[in-house]
Number of protein chains: 2
Amino acid sequence: MADIARRPEHRYGNRPTMKDVAARAGVGLKTVSRVVNGEPGVTPDTERRVQEAIESLGFRRNDSARVLRKGRTASVGLVLEDLADPFYGPLSRAVEEVARAHGALLINGSSAEDPEREQELALALCARRVDGLIVIPAGGDHRYLEPEMRAGVATVFVDRPAGRIEADTVLSDSFGGARAGVAHLIAHGHRRIGFIGDSPRIHTATERLRGYRAAMEDAGLDVAEGWVSLGPTDPERVAAAVEAMLSGPEPVTALFAGNNRVTVTAVRVLAGRERPVALVGFDDIELADLLGITVIAQDAAALGRTAAQRLFRRLDGVAGAPETTVLATRLIARGSGEIAPPA
Amino acid sequence: MADIARRPEHRYGNRPTMKDVAARAGVGLKTVSRVVNGEPGVTPDTERRVQEAIESLGFRRNDSARVLRKGRTASVGLVLEDLADPFYGPLSRAVEEVARAHGALLINGSSAEDPEREQELALALCARRVDGLIVIPAGGDHRYLEPEMRAGVATVFVDRPAGRIEADTVLSDSFGGARAGVAHLIAHGHRRIGFIGDSPRIHTATERLRGYRAAMEDAGLDVAEGWVSLGPTDPERVAAAVEAMLSGPEPVTALFAGNNRVTVTAVRVLAGRERPVALVGFDDIELADLLGITVIAQDAAALGRTAAQRLFRRLDGVAGAPETTVLATRLIARGSGEIAPPA
DNA sequence: ATGAAAGCGCTAACAA
DNA sequence: TTGTTAGCGCTTTCAT
């Protein structure tokens with residue numbers, strides 16, 4: 001049986017095809033196709049024979065071939081930063097639900113905040129001919145997607161705007177949210193307020209910083225050197241930044257945390273101090289209510305849902321210039337943001 | 001130009017194919033294929049001409065067609081319960097990382113704890129000829145996957161075992177973890193301990209209940225009626241269950257929470273009470289350290305990583321009987337589990 | 001080094 | 001009602 005050993009790798013584990021089913025049922029290929037796809041024009045008797053052949057052979061239609069022929073994959077791609085981040089889980093789930101309502105599957109990938117990996121992922125998804133692409137940008141230049149978009153890949157950017165390219169976009173109001181959060185601290189009597197945010201490469205980080213500065217300026221307050229710290233959001237860096245702002249001759253009496261990771265670390269550091277420090281964080285966190293953390297909440301699911309709806313509207317043929325939607329944020333006062341400065 | 005209007009829907013937005021590139025570059029189709037795939041046997045000059053044609057046309061290889069021909073999709077499917085659940089985010093991310101290391105993309109779908117939806121999703125993924133499938137079971141009968149597995153779809157079950165079918169499986173030690181958690185409460189003096197868990201349809205829920213009963217029995221303690229409550233984990237149901245166990249003539253002095261959602265609700269309810277009640281929860285939660293919640297932690301990422309590694313080992317041709325791996329859990333004492341019962 | 005032809009498994013278009 | 005033919009865009013095989 002030498003030929004068995006020499007047989008080429010069984011494709012798909014050597015699964016039966018419509019041709020096999022047709023042979024087994026003693027009908028034509030197209031008849032099988034009709035039965036499999038529930039198309040009319042098959043007598044009940046023929047249909048039964050085909051069904052039997054399908055079951056005895058364990059046939060399942062190969063959607064790869066179908067896709068090739070039909071030209072639509074019924075799948076959309078989502079490139080996000082990190083699926084393990086509690087902010088992106090609900091976002092992804094919301095996209096999935098909309099996709100499902102449109103009969104599409106979701107393929108997602110994490111860029112790990114690496115622009116090259118973002119590009120690699122997005123292009124791999126395009127090569128698989130996803131019908132549409134939702135991208136949470138890691139990089140600042142998305143011209144690499146221009147040929148794809150021109151070729152008909154519907155694309156929507158979420159959470160952060162696209163770089164150097166015009167495209168549909170859905171954002172949260174980072175500027176307005178941060179401004180409101182800082183104004184809230186000011187309203188509670190604070191004058192020396194620190195801002196700790198993500199790397200300035202990230203659009204939301206700079207927008208939130210802009211909101212902070214606007215609120216300070218609105219109140220006629222100066223921002224001293226050392227009150228602003230942007231950078232990676234690993235616990236070590238953030239903890240050091242918090243400590244620095246709380247030490248020295250003119251320590252801040254309140255902190256604005258630029259995102260969920262920063263907030264968590266800030267809460268941990270502040271928990272170990274005797275003198276209370278006010279805190280408002282961007283993004284809501286699980287159990288924040290129990291810890292009394294005041295936050296600027298954005299609705300991750302709404303972000304995903306809105307983006308996916310925009311995507312499918314485009315796929316349904318709605319043309320027109322790219323649109324940007326900005327979703328409002330919401331201040332939730334829970335205690336930490338209402339602590340008064342020391343007298 | 002009537003024919004333009006009558007042209008069929010442009011496939012893939014009418015993208016250029018290798019044939020187009022070949023015509024443009026004045027070479028044969030196969031030469032383009034060689035350049036695109038970096039195969040040898042092309043002179044630098046020819047290669048340059050092909051590259052130019054590729055760029056000017058905005059060509060990108062259609063992986064759908066490639067897949068059809070090659071028989072491998074370089075993608076794996078993951079069917080989980082809900083991507084928005086903080087437990088599954090890290091699990092999914094871990095699977096993705098392993099897949100990426102093997103050059104594969106991850107397609108994931110949420111079953112929403114609905115067995116029919118699980119099946120629908122899993123079979124849709126099979127129809128797309130994913131190379132492998134990782135399933136977190138929602139249903140209790142996976143015989144529907146038998147033909148697929150026989151046909152060569154590598155399949156691994158995670159977090160909960162497969163129903164009525166033999167398959168590779170990766171689990172956390174729910175029984176042992178719960179037993180250790182309840183023993184911990186007993187060691188701190190509790191005799192009346194309540195258990196609130198997920199629906200008995202879910203394997204981990206019954207396993208954890210079994211662990212609870214074992215620990216009680218080990219200590220020679222009876223389990224009174226009303227101390228055990230299994231069911232949906234929505235906040236209303238859980239809150240009612242907690243209240244019920246804390247009222248009446250013989251209220252429990254400690255609670256074991258069967259999963260992260262139950263723990264969160266339990267903490268909220270207990271926070272509103274004056275008399276302290278001890279609590280140990282299954283699954284770690286963000287900020288649990290700050291709230292002093294004692295938990296039995298399982299490593300979601302390790303679960304995903306282990307399952308994915310098993311999957312790719314199978315895809316690499318490692319045969320053999322299905323194996324079940326059980327990962328250990330870890331008790332993290334933070335205070336809530338060390339509260340003594342009222343004297 | 002290069003290309004022509006066959007075919008992956010399916011659907012669209014058109015017979016019969 | 002049913003079947004036949006011709007591709008979808010690519011890779012494989014085998015010539016040249």
**OP:** Could you pull out the closest heavy-atom pair between Ser110(A) and Arg93(B), with the gap in Å?
**Re:** OG-CD, 3.4 Å
Subject >> Gap between atoms CZ and P, on Arg128(A) and dG9(D) respectively (whole Å) >> reply: 18 Å
**OP:** Can you tell me the distance, in whole Å, between the CG atom of Asp63(B) and the C1' atom of dC8(D)?
**Re:** 15 Å
Original post:
Taking atom C1' of dA13(C) as reference, at what distance in whole Å does atom CD of Glu39(A) sit?
Top reply: 12 Å
Subject >> Under 4.0 angstrom between Asn37(B) side-chain N/O and dT11(D) OP1 or OP2 >> reply: yes
Original post:
Rounded to the nearest 0.5 Å, what separation is found between the CG atom of Leu105(B) and the CG atom of Asn108(A)?
Top reply: 10.0 Å
Original post:
What integer distance in Å separates Leu29(A):CG from dA15(C):C1'?
Top reply: 16 Å
Subject >> Option from Asp20(A), Val50(A), Ile54(A) for which side-chain contact (heavy atoms from CB on, under 4.5 Å) with Phe59(A) holds >> reply: Ile54(A)
Original post:
Distance check: side-chain N/O of Thr43(B) vs OP1/OP2 of dT2(C), anything under 4.0 Å?
Top reply: yes
Original post:
dT11(D) phosphate, OP1 or OP2: any side-chain N/O from Ser33(B) under 4.0 angstrom?
Top reply: yes
Original post:
Separation of Asp20(B) atom CG from dG7(D) atom P, in whole Å?
Top reply: 15 Å
Original post:
How long is the line joining CG of Leu68(A) and C1' of dG7(C), in whole Å?
Top reply: 12 Å
Subject >> Short side-chain N/O contact to dC14(C) OP1/OP2 from Lys30(A), under 4.0 Å >> reply: no
**OP:** Assess whether one donor atom and one acceptor atom, taken from the side chain of Arg34(B) and the base of dG3(C), lie less than 3.5 Å apart.
**Re:** yes
Subject >> OP1 or OP2 of dT2(C) under 4.0 Å from side-chain N/O of Thr46(B) >> reply: yes
Original post:
Within the pair Thr31(A) and dG3(D), is there a side-chain N or O less than 4.0 Å away from OP1 or OP2?
Top reply: yes
Original post:
Do Arg69(A) side-chain and dG9(C) base share a donor-acceptor contact under 3.5 Å?
Top reply: no
Original post:
Whole-Å distance between dT5(D) C1' and Met18(A) CE?
Top reply: 17 Å
Subject >> Spacing between Arg129(A) atom CZ and dC10(C) atom P, to the nearest angstrom >> reply: 21 Å
Original post:
Hey, is the side chain of Lys70(A) poking within less than 4.0 Å of OP1 or OP2 on dA12(C), counting only N and O atoms?
Top reply: yes
Original post:
Looking only at heavy atoms, which two atoms of Pro16(A) and Leu57(A) are closest? And how far apart?
Top reply: CG-O, 3.3 Å
**OP:** Using a strict 4.0 Å threshold on nitrogen-to-oxygen distance, state whether Asp63(A) and Arg129(B) make a salt bridge.
**Re:** no
